[in-house]
Amino acid sequence: MGRYVLTGNESLGIEFGSTRIKAVLIDESFNPIESGGFTWENRLENGVWTYHFDEIWDGLRAAYKELCENLGAPIKTLKAIGFSAMMHGYLPFDKNGEPLAAFRTWRNTITGEAAAELTELFGFNIPQRWSIAHLYQAILNNEEHVNDIAFFTTLAGYVHWKLTGEKVLGIGDASGMFPIDSEINDYNATMLDKFSSLENVKKYPWDIRDILPKVLSAGARLLDESGNLKAGIPLCPPEGDAGTGMTATNSVTVRTGNVSAGTSIFSMVVLEKQLKNVYEEIDMVTTPSGKPVAMVHCNNCCTDLDYWVNMLYEFSSKAGSNLTKPQVYDLLYNSALEGDADCGGLINFNYFSGEPVSHTEDGRPLFIRSQGAGFTLSNFFRAQIFSTMATLKLGMKILEKEGVVIDKLFGHGGLFKTPVVGQKLMAGAMNAPVSVMKTAGEGGAWGAAVLASYLGYNNMTLESFLNGKVFAECESSTIAPDENDVRGFEEYMKKYEKAIAVEKAAYENI
């Protein structure tokens, strides 16, 4: 098969994930051509989960460079570029564009006081990881830098700003900074007024409307150090990983949903109407085109599972096995299907940080079993996989009680990389059919490239574009919930919810 010949009509998507920065190039038919990546990891410094600013740019250039190397040819021009990144967090800058504080990521649970006050003020749930919660907590803490803020944004907004000079944000990402009014596809004016009227906000020289990025609906060397890529390429509005996840799974229409499962896990369900009540466990955000979305976001998913796999892979290597790490992953995942439906009484908490959904302020990875539990490899790894979904289920139960209907639920992310296993167990956990698309492995970076391609189809709605152009012939597999898995997960959850008290005792004492 010959090497792909560049035409200049390709689109590039780059996503800054929690553990990997990924660049994906797609052709005019939205097919992935080649990809590149860079591995990075957040760090806990001075009580704050963060990434360093130089890592952002070093990682971006490294991912793009690897893409070009894998492609075997320099990219001179493109149809469009799209950036996406982890939503929420806090990146404040002064009038000269200099950062005023370390990048505070979504993973932090240090804004409880601010989140509670704003939720009461707005009558709208403001989770701890939202940008406005971080800003208001800095105000409550009397942090000196707040006086000098000229602009604050998300990671995707920061990268887009530095490449284009435009302080803008896609509406999906913006909806994780400050509440959105889906009737006007802009920040909620009433809530902006309420925030501005707070006495401890009025003392600052800035207005909240002036320091937020401009909301939009759906410099080259910073990206390409070789200088081959020409300037002037159109960039679509920067989006959050939730928006590109919805795009990558074609779940932007009402009564569709998706579950993204990697370092964190979250579900996104596009609503027919707003929820009747306010829940601190449910975020109200939007699709890239502004439709209301109920989001259940959990900070912890596959990290603990990965640690166990790494240890077992190390054991297999010391035992003389020639199994590769991907083979060990597949072996352990598939063993979970052989376990007891309820994991034999084994319980696992994958908490490296706090979980607002389960009302835990901190986290300690924790494995629990009673004396008579079925302690087998199959049960152990089934409990590992169940633990990645358990906190999500707590939030999804609220949507069930609200009468939210989901016709289609799509899965993507590392949990679904091994065929069938994660998909089957997720279907049982959510008691709903779960579909995985052929393109799911490319993730949000592919979704960002698709959003970039949408720039050429402005005469179509995003929903029509995805249904009629991108996914018209896309292959997918669907697994319906198995009654045995449903019952088993329900039994697991009964023990899990009681054991939350044990998890709290763990982080309070260890």
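Counting from 1, the numbers follow the sequence of the chain as shown.
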W40/D58 under side chain to side chain donor-acceptor pair (under 3.5 Å): CA gap, chis, key distance, verdict: CA-CA 10 Å; W40 67 344; D58 290 346; over 6 Å; no
Heavy-atom side-chain contact between Y4 and E10 under 4.5 Å: yes
Which atom of N70 lies closest to which atom of G36, heavy atoms considered: ND2-CA, 4.4 Å
Sidechain-backbone polar pair: N379 side chain, F375 backbone, donor-acceptor under 3.5 Å: no
CD/E361: more than 12 non-hydrogen atoms of other groups inside 6.0 Å: no
Closest non-hydrogen atom pair, H88 against T154: O-CG2, 3.8 Å
Which atom of N108 lies closest to which atom of W49, heavy atoms considered: OD1-N, 2.7 Å
Under 3.5 Å donor-acceptor, Q128 side chain and T111 backbone: yes
F93 and Y158 aromatic ring geometry - parallel, tilted or perpendicular at 30°/60° bounds: parallel
T360 versus E503, side-chain donor and acceptor atoms under 3.5 Å: no
Distance-minimising heavy-atom pair for C236 and H160: O-CE1, 3.4 Å
Atom of Y351, atom of S358 and distance for their closest heavy-atom approach: OH-OG, 2.9 Å
Flag side-chain contact, heavy atom, 4.5 Å: Y51 against F16: no
S321 and Y313 side chains, donor-acceptor separation under 3.5 Å: no
N31 backbone acceptor or donor facing W446 side chain under 3.5 Å: no
Heavy atoms from other residues, nucleotides or ligands near CG of D54 exceed 12 (cutoff 6.0 Å): yes
Taking every non-hydrogen atom, the tightest pair across F53 and P99: CZ-CB, 3.6 Å
Crowding at NZ, K408 (>12 non-hydrogen neighbours, <6.0 Å): no
